[in-house]
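In each ligand, atom 1 is the first atom listed, and ligand 1 is the first ligand listed.
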Amino acid sequence: MSLIEELVASGRHRLLIGGEWRDASDGAQITVLDPATAEPITAVPSGSVADGLAAVDAAAQAAPAWADTPPRVRAEILRAAFEALVDRADAFAELIVREMGKALREAKAEVLYAAEFFRWFSGEAVRNLGSIATAPEGDKRIISIHQPVGVSLLVTPWNFPAAMATRKIGPAIAAGCTMILKPASDTPLTALAIGALLEEVGVPPGVVNVVPTSRSGEVVGAMLDDPRVRKLSFTGSTEVGKLLLEKAARHVVNCSMELGGNAPFVVFEDADLDAAVEGAMVAKMRNGGQSCIAANRIYVHAAVADAFADRFAAAMAATRVGVGLDPSTELGPLINLQAAEGIAELVDQTASHGAQVRVGGRRPDRPGFFFEPTVLTDVRPDDPILATEIFGPVAPIVTFETEEEAIDLANGTLWGLAAYVYTGDLARGLRVAEAIEAGMVGINRGLISDPAAPFGGVKESGLGREGAHEGLMEFLETKYIAASW
Ligand code: NAP
Ligand code: MG
């Protein structure tokens, strides 16, 4: 039996609220599509405002006892969750492919990455360290402790349906918070499967509630209007993030925001070009380009631009496109029709401004939401494609002449999530990394994600960090106790 069939057979494809699996209060449903065929897979309940508020009730009721649980107990639950997810990695990977479309090998990598957040935060759960100091005047002690921020609302996107959830659930559990997970409506099944797994490894009822809904604005808005919700951890677009920051202002809710990106990928004339092409393939094509840290703007020094473009175009052209479940597939479909149509339009528009389509450029003639791996050269530095989060397998290449120009181009955006620099000169790499306005920079590396590293952005790419010790702190409040004795 597949994991989807297992969930449906046991009724655990439904809303998870206070330890019970239930239908939506008004019977509404979300149809989940397979992006490789555009056919429905199954339907899950679509939570109503009443369901969202019931989940807040459940989380609020479970909060005091959960906050009092010894950190070691929470650590061991997370460790068990890590092991259970690794054990079932193949089943989870298949589920992710079915509802999200990515290639099986990438889905497997995502599951292992997702599990690592449980392992990492299992360690962090027992590292909630405070401090004690003697005040400068000597009149008191300054004691700082960290306490769970409280009921947390976790809103996640569809592109990494497992990892974006565990990156929030892991630290929330470690910190002693209870939570409501609101997954993207394109990919609710992975979130529900994670809810079921956490139930199995001993997370008490009400600690992790999962409420898929297609009425996201309304339901998330109602939860944020409930003063018992003290934390919003959101991963998604900058546009929705801004809306939610406004809503969170009403009750001054603590916010962590992982928003969009527009990563520059800078190749200097002294770079190892083969390594740069390999890195660009990873940074551009991981998840079919549907990643917030995807290389979105490739800036190559004029002296090596042709050589780079030739080799990169060859690697892109050699990418095997197909349905995700075929183990030889390297690039699956995009998430939905709107995404595929939007990217086709963006490529046509850029070509009409004079860019050369070196490879790809079209939606292949087959069912599902596919788009060919595409390389665009002769892209003007002010072309609108460079100000757009492409979110697909399309790589625009722009040339530059000087280091200063490269830095200016890299920084010419409102976003600031990730950036990549390829150079044979480490001093230059570090100098440029310091000058680029981004939360994360890869030097001679196309893959930067690591649960042990602080992930997050500057400028309009967000607030706060996930992973590392910082990820735990996002779910804790600092309390200062002034003491005399
Ligand atoms: P999205 O449209 O912003 O959606 C993200 C989440 O917010 C989904 O659960 C969505 O639910 C929900 N949502 C949508 N409108 C809402 C509203 N008005 N009020 C409350 N919730 C709402 O983003 P997406 O298309 O799923 O994901 C792609 C975006 O995520 C990209 O911009 C990408 O860069 C960003 N991202 C960032 C990171 C990071 O770490 N910085 C990581 C991954 C992705 P529905 O699905 O029901 O609309
Ligand atoms: Mg969306």
Side-chain angles (χ1 to χ4, degrees), residues 28 30-33 44 46-47 49 52 99-100 102 110 113-114 117 153-168 180-191 210-225 229 232-248 253 255-263 286-296 334-336 338-339 342 388-392 413-418 438-440 448-449 451 453-467 471 474:
I30 304 172
T31 302
V32 184
L33 296 186
V44 305
S46 171
V49 165
E99 71 172 349
M100 188 272 161
K102 70 179 73 181
E110 181 189 341
Y113 175 51
F117 286 104
L153 176 55
L154 317 178
V155 180
T156 52
W158 49 264
N159 60 346
F160 290 89
M164 296 303 96
T166 62
R167 194 161 82 171
K168 300 183 190 305
I180 304 105
L181 171 64
K182 204 303 283 174
S185 35
D186 281 320
T187 55
L189 290 163
T190 306
V210 186
V211 182
T213 177
S214 56
R215 297 168 274 190
S216 299
E218 210 187 320
V219 173
V220 169
M223 289 192 272
L224 281 176
D225 267 347
V229 172
L232 169 65
S233 178
F234 173 79
T235 298
S237 61
T238 297
E239 187 191 353
V240 173
K242 286 180 182 179
L243 269 171
L244 293 184
L245 281 169
E246 279 180 26
K247 290 193 181 169
V253 169
C255 289
S256 300
M257 310 300 281
E258 295 287 347
L259 307 179
N262 185 9
R286 179 164 172 240
N287 217 28
Q290 301 173 109
S291 147
C292 53
I293 55 172
N296 207 56
L334 295 165
I335 186 68
N336 53 36
Q338 198 190 349
T388 309
E389 199 181 11
I390 300 171
F391 243 61
T413 168
L414 292 172
W415 281 294
L417 193 58
M440 300 170 278
I448 56 176
S449 302
F455 191 108
V458 301
K459 295 160 79 176
E460 295 195 9
S461 287
L463 300 169
R465 294 294 180 268
E466 292 193 313
E474 301 276 326

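- Residues N336 and L33 are not in side-chain contact: their nearest non-hydrogen atoms beyond the backbone lie 4.5 Å or more apart.
- Short contacts between ligand 1 and P157, defined as distances under 4.0 Å to a heavy atom of the residue, involve ligand atoms 26 (O), 27 (O), 43 (C), 44 (C).
- For ligand 1, the polar-atom distance check against T235 finds no nitrogen or oxygen pair separated by under 3.5 Å.
- When each atom of ligand 1 is checked for a heavy atom of V155 under 4.0 Å away, the hits are 6 (C), 7 (O), 9 (O), 12 (C).
- In this structure, the side chain of S461 does not engage the main chain of L259 through any donor-acceptor pair within 3.5 Å.
- By the 3.5 Å distance cut-off applied to N or O atoms, E389 is counted among the residues near ligand 1.
- Near K182, with a cut-off below 4.0 Å to any heavy atom, the atoms of ligand 1 are 8 (C), 9 (O), 10 (C), 11 (O), 12 (C), 45 (P), 47 (O).
- Listed by chain and residue number, D26 satisfy the salt bridge (charged side-chain N to carboxylate O under 4.0 Å, His left out) test with R215 (two or more places apart in sequence, or in another chain).
- Residue T156 touches ligand 1 through its backbone alone, judged by heavy-atom distances below 4.0 Å.
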Distance-only donor-acceptor pairs under 3.5 Å for side chains of residues 240-247, two or more places apart:
unit_1: K242; atom_1: NZ; unit_2: E460; atom_2: OE1; d: 2.8

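- Short contacts between ligand 1 and N159, defined as distances under 4.0 Å to a heavy atom of the residue, involve ligand atoms 43 (C), 44 (C).
- With a 4.0 Å heavy-atom cut-off, ligand 1 is reached by the side chain of M164 but not by its N, CA, C or O.
- The atoms of ligand 1 that sit less than 4.0 Å from any heavy atom of S185 are 45 (P), 46 (O), 47 (O).
- If you look at R215 next to ligand 1, there are no close heavy atoms at all, none under 4.0 Å.
- Looking at W158, W415, F391 and measuring to atom 33 (C) of ligand 1, the nearest heavy atom belongs to F391.
- Ligand 1 has no N or O atom lying under 3.5 Å from any N or O atom of K247, backbone or side chain.
- Inclusion of D186 in the set of residues having an N or O under 3.5 Å from an N or O of ligand 1 is not warranted.
- By the 3.5 Å distance cut-off applied to N or O atoms, S214 is not counted among the residues near ligand 1.
- Checking side-chain atoms of T235 against main-chain N and O of P157 turns up no donor-acceptor pair under 3.5 Å.
- Residues E99 and T190 bring a donor and an acceptor atom of their side chains to less than 3.5 Å of each other.
- Close approach to R167 involves these atoms of ligand 1, each under 4.0 Å from a residue heavy atom: 39 (C), 40 (O).
- Panel note: side chain K102, backbone Q290; no donor-acceptor pair is recorded below 3.5 Å.
- Distance alone, capped at 3.5 Å, is enough to place a donor-acceptor pair between the S46 side chain and the S214 backbone.
- E110 contributes a side-chain N or O that, together with a main-chain N or O of A163, makes up a donor-acceptor pair within less than 3.5 Å.
- Remark: side-chain polar atoms of N262 are not paired, donor with acceptor, to backbone N or O of N296 under 3.5 angstrom.
- Side-chain contact between I293 and R286 is present, with heavy atoms from C-beta onward closer than 4.5 Å.
- No N or O atom of S291 sits closer than 3.5 Å to an N or O atom of ligand 1.
- Listed by atom number, the atoms of ligand 1 under 4.0 Å from T213 heavy atoms are 47 (O).
- The part of P183 lying near ligand 1 is the backbone, judged by heavy-atom distances below 4.0 Å.
- No part of F160 comes within 4.0 Å of ligand 1, judged by heavy-atom distances.
- Between L259 and ligand 1, at least one N/O pair is under 3.5 Å apart.
- For E239, no heavy-atom contact with ligand 1 is shorter than 4.0 Å.
- A pairwise comparison of heavy atoms in T187 and M100 identifies CG2-CB, 3.9 Å as the closest pair.
- The backbone N or O of A162 lies less than 3.5 Å from no partner atom in the side chain of R167, so there is not a single donor-acceptor pair.
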